[in-house]
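Written out below as structure tokens is the structure these notes cover.
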Amino acid sequence: MSRFRRRPDINETPVENEIFLIADNSGDIYHLDQLAMSIWRALDRPSDEDELVELFAQAFPDTPAETLRRDLRTALATLKDGGLIEVCD
Amino acid sequence: MLFELIPDWPCLPVDAAPDGAPIAAPISVTKHADHWHISSPQFELDEYDLDDGYMVANSLVGALIAAFVAQGRGLVSIHAGAVEIGGGLVLFLGNNRSGKSTFATVLAARGQRFFADDRLVLDLDMVPPLCRSLAIAPKLRLPLPPEADSPYRQFVARNSRLTWARMAVLRLNSDHAAGFGETLPLKAIVQLCRCDQIGQPRLTPLAQPAMVRCLLEQLFAPHLSQRDELSACAKLAGATDLWQLDYASAFDAADMVVDHFYGDARP
């Protein structure tokens, strides 16, 4: 399973308890929603989808695993399409 | 046309510049056979039809502002309406047609000192940020909104300098408007959200991240990198009170806004 990591050329600007990211190569600015921000923080250490599902299941024990996996998959794809994270192996 | 928009800007011959320094990257306006062209060191400008003098002049003002803020550390310009309320400046931000000009001029007609309906300069190195009037003539879409009250219509009629079918440019005297270069500390920023369906106008606190998103769309500082723009927006949002105004009509919301920002100090 693919592991994801933060791209190294992304600059992070915290504003209150939220995060704005800037991609150095494009200059595009992204404001992360709560889920994307949680994933970004979790990818402080490279992780694959299963590891993220396990981590988020601890934080949201009442949410079915399949719902978590679907939401995480969508958010990971958005972060990857935006060039904010990359596959590292 | 240019000097109708910026009647108070000081204009000096190049060799009379205060410091005598040569102009390194001048802005030029060239009239070609079928269009105007403006070149600016800060950003690319479009070409303009020969008969669209207002757009040429307005774009040239933008180029001049960009050149000015590029000279000073901490300077940015922003698209906003602004009026003085209780000794500080309240900025009104919003997208095109959100009502910045109407709001600022309605407040001016009701006695608040006008600073801007579209653009002003901020010094972010000052605490609180210092706002500088550019004394750009306010412009209004015509016809005025149906709910415009009689005092406002009279105010517009009395102060109209140029009038076209769809727009009027006003000239406000020093009783109503700040002069070129006049400064005031920033007191609050209000994001304007106009919605015809809303009942009573509502002023609610706005979180910093939401205001940063709004500021990113309204900041005009082409000399800054995207990263520095974000940093400037975050700094600005963190330096003052932030509000969102949901309203249907500036004529209904103006008094509530003035009362709110005066607090108990309204004369």
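All values below were derived from every heavy atom in this structure, side-chain atoms included, with hydrogens, water molecules and symmetry-related copies excluded. Predicted model only: the values in this text are computed from it and were never measured. Here is the naming used below: chain letters follow the sequence lines, and residue numbers restart at 1 for every chain.
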Which pair of non-hydrogen atoms, one from A:Val15 and one from B:Pro209, has the smallest distance, and what is that distance?
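Between these two residues, the closest heavy atoms are O-CG, 3.5 Å.
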
With sequence neighbours excluded, what pairs up with B:Thr204 under the side-chain hydrogen bond (donor to acceptor under 3.5 Å, both in side chains) test?
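If we apply the side-chain hydrogen bond (donor to acceptor under 3.5 Å, both in side chains) test to B:Thr204, skipping adjacent residues, there are no hits.
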
Counting distance alone, with no hydrogens or angles, which donor-acceptor pairs between chain B and chain A are under 3.5 Å?
| residue | atom | partner | partner atom | Å |
| --- | --- | --- | --- | --- |
| B:Gln208 | N | A:Glu16 | OE1 | 3.3 |
| B:Arg213 | NH1 | A:His31 | ND1 | 2.5 |
| B:Gln226 | NE2 | A:Gly27 | O | 2.9 |
| B:Arg227 | NH1 | A:Asn11 | OD1 | 3.0 |
| B:Arg227 | NH2 | A:Asn11 | OD1 | 3.1 |

Contacting moiety of B:Ala207, where chain A heavy atoms sit under 4.5 Å:
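Both backbone and side chain of B:Ala207 come within 4.5 Å of chain A.
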
